[in-house]
Amino acid sequence: MRANVHEVAPEIDPRAVLAGAQFADAFRVEIGTAAVNAREACTRMVLHGPRWIDALLHLRNILVRPFGLKTSGEGAPAPGGMIGLFPVLSETPEQLVAGFDDSHLDFRIVVDVSGDAASRHVTSTTLVRTHNLLGRTYLALIMPFHKLVVRNMMGRIVEPAR
């Protein structure tokens with residue numbers, strides 16, 4: 001099955017996930033009849049990405065470290081453990097919320113699996129709340145890459161790396 005990822009309007013209540021969020025976007029991919037829960041979808045997105053995303057993340061970590069931005073959620077409260085760099089904050093088979101808070105910005109990734117057995121889809125929603133100029137600047141700088149990275153990562157839900 002070919003991954004057809006498209007941007008959609010966020011369907012979650014941002015106040016329930018990250019009160020005061022100033023940014024929200026969402027992307028959806030059809031997964032057909034695949035029996036994938038939210039954790040599996042998130043794992044495929046985060047852990048099975050292409051090398052160029054890993055290289056971008058490595059470069060990002062080098063560039064932001066001097067400014068005090070976190071390079072992972074390591075050490076943050078993670079009731080559901082970690083998936084890659086992201087602490088899992090809450091989880092049901094249909095929805096997983098991951099993310100962490102930083103002195104510059106807080107973010108959440110919400111992965112929802114929905115639809116009936118014949119036609120299922122996964123939606124990934126990103127929410128961000130900034131705290132200061134550094135957080136707003138970082139958000140503005142990362143946005144050109146965000147959509148490209150999320151679209152590619154969502155494609156991995158349908159076609160995970162072998």
Identify, with sequence neighbours excluded, every residue that meets salt bridge (Lys or Arg N to Asp or Glu O under 4.0 Å) alongside [X].
{"X": "R120", "value": "none"}
{"X": "D116", "value": "none"}
{"X": "D106", "value": "R129"}
{"X": "E94", "value": "none"}

Gap between atom [atom2] of [Y] and atom [atom1] of [X] - 0.5 Å precision:
{"X": "I83", "Y": "T43", "atom1": "CD1", "atom2": "OG1", "value": "4.0 Å"}
{"X": "R108", "Y": "S90", "atom1": "CZ", "atom2": "OG", "value": "9.5 Å"}
{"X": "S124", "Y": "L96", "atom1": "OG", "atom2": "CG", "value": "10.0 Å"}
{"X": "F100", "Y": "F86", "atom1": "CZ", "atom2": "CZ", "value": "7.0 Å"}
{"X": "Q95", "Y": "N37", "atom1": "CD", "atom2": "CG", "value": "12.5 Å"}
{"X": "I12", "Y": "L127", "atom1": "CD1", "atom2": "CG", "value": "4.5 Å"}

Locate the shortest heavy-atom distance separating [X] from [Y]; write the atom from each residue and the value.
{"X": "V36", "Y": "R44", "value": "CG2-NH1, 4.0 Å"}
{"X": "G135", "Y": "L105", "value": "O-CD2, 3.7 Å"}
{"X": "P10", "Y": "T125", "value": "CB-CG2, 4.1 Å"}
{"X": "V113", "Y": "A41", "value": "CG2-CB, 4.5 Å"}

For residues 14-24, run the donor-acceptor check on the side chains, cut-off 3.5 Å, and write out each pair with its distance to 0.1 Å, sequence neighbours left out.
| residue | atom | partner | partner atom | Å |
| --- | --- | --- | --- | --- |
| R15 | NE | D13 | OD1 | 3.3 |
| Q22 | OE1 | T130 | N | 2.5 |
| Q22 | OE1 | T130 | OG1 | 3.2 |
| Q22 | NE2 | T130 | OG1 | 3.4 |

**OP:** Apply side-chain contact (heavy atoms from CB on, under 4.5 Å) to T137 and list each qualifying residue two or more places apart in sequence or on a separate chain.
**Re:** L133, L141
Subject >> Any side-chain donor near an acceptor of the partner, D112 and H121, under 3.5 Å >> reply: no
Would you say that [X] contacts [Y] through its side chain, given a criterion of any heavy-atom pair below 4.5 Å between the two side chains?
{"X": "M154", "Y": "T123", "result": "no"}
{"X": "R28", "Y": "E11", "result": "yes"}
{"X": "V5", "Y": "N152", "result": "no"}
{"X": "V111", "Y": "R39", "result": "no"}
{"X": "V29", "Y": "V158", "result": "yes"}
{"X": "E91", "Y": "V88", "result": "yes"}
{"X": "R151", "Y": "F27", "result": "yes"}

**OP:** Verify the cluster assignment for I31 and V8: are they in a single hydrophobic cluster under the rule of side-chain heavy atoms below 4.5 Å apart?
**Re:** no
Original post:
Stepwise, does the side chain to side chain donor-acceptor pair (under 3.5 Å) test hold for D102 with H131?
Top reply: CA-CA 9 Å; D102 188 293; H131 298 298; over 6 Å; no
